[in-house]
Amino acid sequence: ESIRAAASELGADHPAAQEFQLNLAHHRWARGEPRAALEIAERVLSLRRASYPGEHTALIAPLVAVGRMKSEFRDHAEALKLLREAALLFRRAYGPAPQRSNVPLAELAAALRRAGAVEEAERILRELLAETEKRSGRVSPDHLSILVSLGVLEEGRGRFENAHARFQD
C-alpha cells in the first residue's frame with residue numbers, strides 16, 4: 001500500500017510510477033485478472049508513447065506486456081504488431097547479438113506459435129538459440145529456455161523425436 005501511495009505521489013507520467021503500474025499489471029495477470037491487467041498495461045503503454053515519442057527503449061517493456069497479453073486473448077494481429085515493434089526497438093538499441101536476454105523476440109516467437117505461424121516462430125527461436133549460445137554458452141537459463149520452447153514447438157508439429165532430443169540436450 002505504501003508503494004502504491006509513493007507511486008501516486010510521483011504522478012502517472014513518472015517512470016517509476018509507470019514501472020510500478022506495469023508490475024501491477026503482471027501481478028493482476030498472475031492473479032487471474034487478465035482484463036484488468038491488460039487495461040493497466042495499455043495505460044502504461046499509452047503514457048510511455050506520450051512521454052517518449054519515437055523510438056525509445058522505455059517502450060519495450062510495455063509493448064511486450066501488452067503484446068503478450070493480447071496474444072493470450074487471441075488478438076493475434078495486434079499482438080504481433082506490438083511484439084514486432086518491441087523486437088525492432090530492442091535490436092536497434094542493443095544490436096544483433098545483445099549481451100542481455102532478447103525477451104521481445106522470445107515473446108514474438110511465442111505469439112507466432114499461438115497464431116499458427118510455426119515456421120517463423122521456429123526461425124526466430126533458432127536465431128535466439130544461436131545468440132544465447134554465443135553470449136552465454138550452452139548451459140545458461142536463456143539457452144535452456146529456448147531449447148524448451150523449440151521442443152514444445154516441435155512436439156506441437158508432431159516431431160516427437162526432435163522434441164525428445166531437445167529435452168535431452
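Residues: numbered from 1 along the sequence shown.
Distance check: L24 CG to R43 CZ gives 8.5 Å after rounding to the nearest 0.5 Å. I124 contributes atom CD1, which lies 11.5 Å from atom CD1 of I146 (distance to the nearest 0.5 angstrom). Note that CG of L153 is 6.5 Å distant from CG of L125, once rounded to the nearest 0.5 Å.
Residue-environment remark: CD (E33) exceeds the threshold of 12 foreign heavy atoms within 6.0 Å.
Taking 4.0 Å as the cut-off between side-chain N and carboxylate O, E72 and R114 count as a salt-bridged pair. For the pair E122 and R126, the salt-bridge criterion is met [side-chain N within less than 4.0 Å of a carboxylate O]. No salt bridge links E42 with R49; every basic N to acidic carboxylate O contact stays at or beyond 4.0 Å. Under 4.0 Å is where a charged nitrogen must lie from a carboxylate oxygen, and between E120 and R84 at least one such pair does.
Formation of a donor-acceptor pair under 3.5 Å by the S71 side chain with backbone atoms of G67 is not found in this model. In terms of modelled atom types and a separation under 3.5 Å, the side chain of S149 and the main chain of S145 share a donor-acceptor contact.
The heavy-atom pair separating Q21 from I40 by the smallest distance is O-CG2, 3.1 Å. Shown here for A87 and L108, the closest heavy-atom pair between the two residues is CB-CD2, 4.4 Å. Residues A41 and A25 share a closest heavy-atom pair of N-CB, 3.9 Å.
Cluster annotation: L22 is not connected to Y52 through the hydrophobic network of ILVMFWY side chains, with a link wherever side-chain heavy atoms come within less than 4.5 Å. Both V118 and L147 are members of a single hydrophobic cluster when ILVMFWY side chains are connected at heavy-atom separations under 4.5 Å. Residues L83 and L88 fall into different hydrophobic clusters, defined by Ile, Leu, Val, Met, Phe, Trp and Tyr side chains chained together at heavy-atom separations under 4.5 Å.
Relative to the ring axis of W29, R68 places its NZ or CZ within 45° and under 6.0 Å from the centre.
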field: Verdict with reasoning, L129 to L150, per side chain to side chain contact (heavy atoms under 4.5 Å, CB included)
entry: CA-CA 9 Å; L129 195 63; L150 270 169; 3.8 Å; yes
query: So L105 and F90, side chain to side chain contact (heavy atoms under 4.5 Å, CB included) or not? Walk me through it.
result: CA-CA 9 Å; L105 210 52; F90 187 90; over 6 Å; no
task: Applying salt bridge (charged side-chain N to carboxylate O under 4.0 Å, His left out), run through K81 and E85 and close with a yes or a no.
output: CA-CA 6 Å; K81 181 179 138 224; E85 182 181 353; over 6 Å; no
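Considering N23, L45, V44 in turn, V44 is the only one that fulfils the side chain to side chain contact (heavy atoms under 4.5 Å, CB included) rule with Q18.
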Exercise answer: donor-acceptor pairs, residues 54-65 side-chain atoms, under 3.5 Å, sequence neighbours excluded:
from: E55; atom 1: OE1; to: R92; atom 2: NH1; distance (Å): 3.0
from: E55; atom 1: OE2; to: R92; atom 2: NH1; distance (Å): 2.2
from: H56; atom 1: ND1; to: A58; atom 2: N; distance (Å): 2.9

